[in-house]
Amino acid sequence: MRNGLRQSTGRAAVFVTSAVFTLLFAALQLLGLLLMRGSAHAATLAVLLTVVLAVGWAVMPLFFPSGDETLDPTRLVMLPLRAAPLVRALLVASLVGIGPLFTLSVAVGAGVSVAHGAFAVGVAVVAVPLVLLVCVALARAVAAANIRLLTSRKGRDLALLSGLVVAVGIQFVNFGAQRLGAAGTGLAPLEPAAAVARWIPPASAVGAVDSASRGAYGTAVLQIALSGAALGALLHWWQRSLTKLMTAPDASTIAAADSGKERGQAQARGVGRLLPGGRTGAVMQRSLRYGWRDPKTKSAWVTALALGVIIPAFNALQGSGSLYWACFAAGMLGSLMFNQFGQDTSAFWMVAMTVASRRDAYLELRGRVLALLLITLPYVTVVTVVTAALLGHWGALPAVLGLSIALLGAMLGMGAFASAFFPYSIPQDSAYKNAAPGQGGLAWMSMLGGMLGSVLLCAPLVALLVWARVTDNASGEWLLLPLGVSWGALLVWAGLHLGARRTSTRLPEILAAVSKA
């Protein structure tokens, strides 16, 4: 850890900042659990919180395989080490870090909140470190069993799902918290789930403390034994995986690579036949391929598609949502058009060599827009219809769909314009940097200016909608659908022509901006 922090000041600053916030949250979590001591639902909260903690330890290595160097045992396969001592060494090394400290604080809070009596305190002394060891062993066993996949290109793409999981998880937590608050019964509805979870390791260790507090000593011994057996099974699984890694050849890419490559080429040819010919079709195919293969582009697509449906759907399921939340999908997907040239990184010079006139620039931008529309237009339509079905507001569907399509067109047009006027480089050496040093202002100007401009460009349609609502004119709302489609198409056309003019006259400056290290 010390040597890693020595690599750069930025890495050390990020580590210190994350450590401060994590420890602060851990302290508040510990305080909250201590305040729950004596409450009727203290055991429910403690048990379920332990389950959530264990699930996090199990899935995080699949999303961030490079986040902890102790997760990758392939670094040690050439050393003359046996699997059993290596498991013990890696287990101890894995206990050093912010994550284990946070887990320990939560486990201590969970144990103290349900421990009443001398026997229960004795059980808690065993249960707390057992929870920590099971969580850490679970993460390492899962990582070791899947390390060949996680270190491959396709495995690293699993990290893209983290944004989706986090977004879905936050919405589920928000939805569940609102349901509990509306019921006015506190944590009582979670009692059945806690009754099952108290038998699942490592939550069974916390359940053992609660059982001991209630005088069920036999149950407490059985529950603590379950967690101990789970730790032994995980260590055995981990050791077998390490033995296989250090003795078996890696055959994950033999034979499968060639067939996969041929299959991918066949699929590309199939998609290519559906696209128009000439430069437009070639640009569309390249853009779609970038969206499927490039990690950062794919991450943006996954996030936009996930949030585009999650936000409207969850607001609708809560019963108080509005159909106009469906416009959120158009805004999220339209933002993918911004900084199109920067998404190509230094490879943009290959595109720049083929742009000799305004017509070439127009065809290049048009192909990128059409590639986005191929996915975004049907998606926005489906999200709007699904949201209307969840809410039962079919009468407002034409107006909202027209607004969504107009907003999508405005975002695409502004994106084409901003890509040519405010290009910036996207670093490829970091998953968290979206602009090169010194270009952060350009990125903010491009995105915020484009979003505000798109909203202003849709103001005439919003004014028409307000007038139709005030005057109770149903025909005015139906008129918004064709007007929205026409207005969106006009904005895309205008943005393409303005962007093409700028691209053709300022190509060297654009190339220098997107190629900046």
Side-chain angles (χ1 to χ4, degrees), residues 21-60 91 94-139 169 172-173 176-177 180 186-231 234:
F21 280 102
T22 303
L23 293 177
L24 178 61
F25 184 73
L28 294 175
Q29 192 90 342
L30 177 60
L31 178 61
L33 287 169
L34 294 178
L35 292 175
M36 286 289 293
R37 180 178 172 83
S39 170
H41 302 300
T44 299
L45 178 62
V47 168
L48 293 180
L49 192 60
T50 306
V51 170
V52 172
L53 198 63
V55 171
W57 275 95
V59 301
M60 283 302 105
L91 181 62
S94 301
L95 296 176
V96 179
I98 303 174
L101 184 58
F102 175 81
T103 303
L104 181 62
S105 68
V106 174
V108 168
V112 173
S113 66
V114 296
H116 302 282
F119 186 77
V121 171
V123 175
V125 171
V126 178
V128 169
L130 192 56
V131 169
L132 175 61
L133 290 175
V134 170
C135 287
V136 174
L138 177 61
F172 270 113
V173 170
L180 289 174
L187 298 176
L190 298 179
E191 289 288 351
V196 176
R198 65 176 58 246
W199 292 97
I200 301 175
S204 61
V206 178
V209 180
D210 179 57
S211 297
S213 299
R214 291 184 287 104
Y217 302 123
T219 303
V221 172
L222 182 58
Q223 288 173 321
I224 202 77
L226 279 175
S227 291
L231 178 60
L234 289 172

Evaluate the side-chain proximity of Leu133 to Leu95: yes if any heavy-atom separation is below 4.5 Å, no if none is. yes

Heavy atoms of Val114 and Ala110 approach each other most closely as CG2-O, 3.3 Å

- request: Measure the shortest side-chain to side-chain distance between Val47 and Asp210 over non-hydrogen atoms and say whether it is less than 4.5 angstrom.
  value: no

Q) If only atom types and distance count, is the side chain of Thr103 paired as donor or acceptor with the main-chain N or O of Leu132 below 3.5 Å? A) no

Minimal heavy-atom distance between Ala42 and Met36, with the atoms involved, is CB-O, 3.3 Å

(request) Verify whether one side chain among Gln29 and Ser105 offers a donor that lies under 3.5 Å from an acceptor in the other. (result) no

| query | Taking Arg198 for the side chain and Thr44 for the main chain, is one N or O donor matched with an acceptor at less than 3.5 Å? | reply | no

Check your understanding: Do Leu130 and Pro202 come within less than 4.5 Å of each other through their side chains, counting heavy atoms only?
Key -> no

Scanning both residues in full, the closest heavy-atom pair of Ala46 with Val206 reads CB-CG1, 3.8 Å

Practice item. Name the orientation class of the two ring planes belonging to Tyr217 and Phe119 (parallel below 30°, tilted from 30 to 60°, perpendicular beyond 60°). Key: perpendicular

Value for CG (Leu33) from CG (Leu28), rounded to nearest 0.5 Å, stands at 11.0 Å

For Ile200 and Val196, the nearest pair of non-hydrogen atoms, with its separation, is CG1-O, 3.7 Å

Non-hydrogen side-chain atoms of Val112 and Leu34 separated by less than 4.5 Å: yes

Here the gap from Leu35 atom CG to Leu30 atom CG, rounded to the nearest 0.5 Å, amounts to 9.5 Å

Distance col, row Thr219:OG1 vs Trp199:CH2, nearest 0.5 angstrom, shows 5.0 Å

Using side-chain heavy atoms (C-beta onward) and a distance below 4.5 Å, is Arg214 in contact with His116?
no

- Message: Are Leu53 and Phe102 packed together at the side-chain level, in the sense that at least one heavy-atom pair is separated by less than 4.5 angstrom?
- Response: yes

Is it the case that the side chain of Ser227 and the backbone of Ile224 share a donor-acceptor pair, with hydrogens and angles ignored and the cut-off at 3.5 Å? no

Between Val209 and Ala124, the two heavy atoms sitting closest are CG2-CA, 3.6 Å

> Okay, side chain of Ser211, backbone of Ala220: is any donor-acceptor separation there less than 3.5 Å?
Replying inline: no

Correct closest heavy-atom pair for Ala203 and Val51 would be CB-CG2, 3.4 Å

